[in-house]
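These notes are about the structure you will find just below.
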Amino acid sequence: MKALLIASALTLVGSCANIRYTQKIENLKESIVFEDPETIIKYSRTITPQELSSHVYTLSSEDFEGREAGKIGFHRASNFLKDFYVDNDIPSPLGFDNYYQRIPKSYFSKNSPSTQNVVAYIEGSEHPEEVIIISAHLDHLGTFTDKTYFGADDNASGTAAVMEMAQAFALAKKDGYGPKRSILFLHLTSEESGLLGSNYYVKHPIYALDNTVVNLNIDMIGRVDKIHEEKQQENYIYIIGADRLSTKLHYISEAANNQFSKLILDYKYNAEDDSNRYYYRSDHYNFAYRNIPVIFYFNGEHEDYHQPSDTPDKINYPLLQKRTQLIFSTAWYLANCDERLEVDKIKK
């Protein structure tokens, strides 16, 4: 009888604890409110398939020679980004017309030339020292045996998304709707050779890592993978890492999607035992390793992954627009919410 009473008591305690946790999550979800959603929609609509297509076609053209880090094609792509930011009156955090965080040749262990991350930013109005980083790697594989690896999906798609979001946030600020926190638009080099551009950034941050609120990282968001092709389901995006360090970030992402994008958020590759280990394979991981919350946006691999056939004509531009708009609305909330995103899980 005594054992039965103890077992009953433990069951009751466990049940109460579960109820308290469930209620806590419900309260957290209810606290996520997008103020003035019409304004968010207005500026998200400036992100268009036509402009995304123009950027992707340029970035994955023959002129940029596959954008291999440190090579002439990569420098041309970097200059293309710099001109874009100058033309749109989006400044550099480094001052004047210096949009390059230069990485010396001595930083690389192999015989690689010097290269650079490309940076632009919008200063926050209330908490300028707190920074949202929206990133995508600019580099790809270059040319090999007279073949150009164009990298339209990997990662001209992500680069174009960052450009369009930067322009949308800049237009909003010009109209009096600037973000409360600063936003850094970070185009990373040398991802293909081991996440080296992001590794350099976190070791030489432009903004203190303690003041870096979150990293939203984009790597391949313009295509549909075989899994979803077989399901005849293109209206999706893989979300990786959102719940690893911050409980709330996961629910912010879901709330943004429910209100604005209505994509299928696929968490298949977010499993900690995922054999593909995508959580560790793109630039966001260098931020996550330092306990900065991240979301990695990804469409999955396809038959043209790391092939010369990854060309701009195969990108689904309306889908790229929709995915970019999801990231934009998520970033808008993170940049404008009253309280800084909380890190409530520490994991490496």
Side-chain angles (χ1 to χ4, degrees), residues 27-47 85 88-91 93 119-136 161-186 206-218 237 239 241-243 245-263 265 284 287 292-295 297 321-344:
N27 292 342
L28 185 154
K29 290 163 71 173
E30 289 175 6
S31 72
I32 300 169
V33 178
F34 286 79
E35 302 291 343
D36 197 6
E38 294 80 10
T39 298
I40 301 173
I41 292 169
K42 174 183 175 180
Y43 292 103
S44 74
R45 285 177 176 165
T46 68
I47 299 167
Y85 287 118
N88 284 276
D89 296 320
I90 303 171
V119 293
Y121 92 125
I122 294 174
E123 186 174 41
S125 59
E126 294 185 17
H127 308 287
E129 75 286 353
E130 296 181 9
V131 182
I132 312 298
I133 295 181
I134 303 176
S135 64
V162 175
M163 295 167 69
E164 282 294 285
M165 284 188 279
Q167 185 182 61
F169 276 112
L171 289 169
K173 182 170 184 177
K174 184 177 179 181
D175 293 342
Y177 299 101
K180 294 178 181 179
R181 294 176 179 84
S182 297
I183 305 176
L184 180 68
F185 305 100
L186 178 58
I206 296 171
Y207 295 99
L209 295 185
D210 287 347
N211 285 331
T212 300
V213 175
V214 68
N215 171 225
L216 305 180
N217 184 52
I218 311 162
I237 186 73
I239 299 290
D243 63 346
L245 293 166
S246 171
T247 302
K248 191 169 186 177
L249 182 58
H250 168 77
Y251 291 106
I252 291 169
S253 171
E254 292 211 325
N257 185 59
N258 290 338
Q259 186 154 353
F260 300 106
S261 302
K262 308 254 183 314
L263 290 161
L265 303 186
H284 59 278
F287 293 93
I292 296 167
V294 303
I295 302 179
Y297 300 92
Q321 175 199 34
K322 200 167 186 179
R323 290 165 170 171
T324 304
Q325 288 171 329
L326 167 63
I327 304 164
F328 175 77
S329 60
T330 304
W332 184 289
Y333 183 91
L334 292 162
N336 289 289
C337 57
D338 290 336
E339 296 181 0
R340 174 177 169 161
L341 182 69
E342 179 186 3
V343 179
D344 58 357

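Excluded from the calculations below are hydrogen atoms, water molecules and symmetry mates; all remaining heavy atoms, backbone and side chain alike, are included.
Partners of Gln321 according to the side chain to side chain donor-acceptor pair (under 3.5 Å) rule, which considers only residues two or more places apart in sequence or in another chain, do not exist here.
Arg45 CZ: 12 or fewer foreign heavy atoms inside a 6.0 Å radius. No more than 12 heavy atoms of other residues, nucleotides or ligands sit less than 6.0 Å from atom OH of Tyr177. Under a cut-off of 6.0 angstrom, the local environment of CG in Asp210 is sparse, with at most 12 non-hydrogen atoms contributed by other residues, nucleotides or ligands.
Minimum heavy-atom separation, Ser31 to Tyr333: O-OH, 3.9 Å. In this structure, Ala161 and Thr324 approach most closely via the heavy-atom pair CB-OG1, 3.4 Å. Taking each heavy atom of Ile47 and Gln325 in turn, the nearest pair found is O-NE2, 3.8 Å. The shortest non-hydrogen separation linking Ser253 to Leu326 is O-CD1, 4.2 Å. The two residues Ile90 and Ala170 have their closest heavy-atom pair at CG1-CB, 3.7 Å. Between Leu249 and Val294, the shortest heavy-atom distance links the atoms CD2-O, 3.5 Å.
Ring orientation note: the planes of Phe185 and Tyr85 are close to parallel, at an angle under 30° on the 30°/60° scale. Ring planes of Trp332 and Phe169: parallel class, angle under 30° (limits at 30 and 60°).
Checked by atom type, the side-chain pair Tyr43/Asp175 shows a donor-acceptor distance below 3.5 Å. At a cut-off of 3.5 Å, with distance as the only test, a side-chain donor of Asn88 or Gln167 sits close to an acceptor on the other residue.
Under a 3.5 Å cut-off, the side chain of Arg181 and the backbone N or O of Leu334 do form a donor-acceptor pair. A donor-acceptor contact shorter than 3.5 Å is absent between the side chain of Lys248 and the backbone of Asp344. Distance alone, capped at 3.5 Å, is enough to place a donor-acceptor pair between the Ser246 side chain and the Glu342 backbone. Side-chain atoms of Thr247 do not come within 3.5 Å of backbone N or O of Asp243 as any donor-acceptor pair.
Contact annotation: the side chain of Ser44 never approaches that of Phe260 to less than 4.5 Å [non-hydrogen atoms, C-beta and beyond]. Counting heavy atoms from C-beta outward, Gln259 and Pro37 have side chains that approach closer than 4.5 Å. Contact annotation: the side chain of Ile295 approaches that of Ile239 to within less than 4.5 Å [non-hydrogen atoms, C-beta and beyond].
Atom CD1 in Ile40 sits 7.5 Å away from atom CG in Asn336 (nearest 0.5 Å). Distance check: Cys337 SG to Ile252 CD1 gives 6.0 Å after rounding to the nearest 0.5 Å. Summarising the geometry, atom CG belonging to Asn257 is positioned 8.0 Å from atom OG1 belonging to Thr330; distances are rounded to the nearest 0.5 Å. Atom CZ of residue Arg323 and atom CD1 of residue Ile237 lie 4.5 Å apart, to the nearest 0.5 angstrom. In this structure, OH on Tyr207 lies 11.0 Å from CD on Glu129, to the nearest 0.5 angstrom.
With respect to His284, the side-chain contact (heavy atoms from CB on, under 4.5 Å) criterion is satisfied by exactly one of Val214, Ile133, Asn215: Asn215. Residue Met165 is tested with Ile183, Leu216, Ile134, Thr46 for a side-chain contact (heavy atoms from CB on, under 4.5 Å); the sole match is Ile134.
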(request) Show your working on side-chain contact (heavy atoms from CB on, under 4.5 Å) between Lys180 and Asp338 and close with a plain yes or no. (result) CA-CA 9 Å; Lys180 294 178 181 179; Asp338 290 336; 3.4 Å; yes
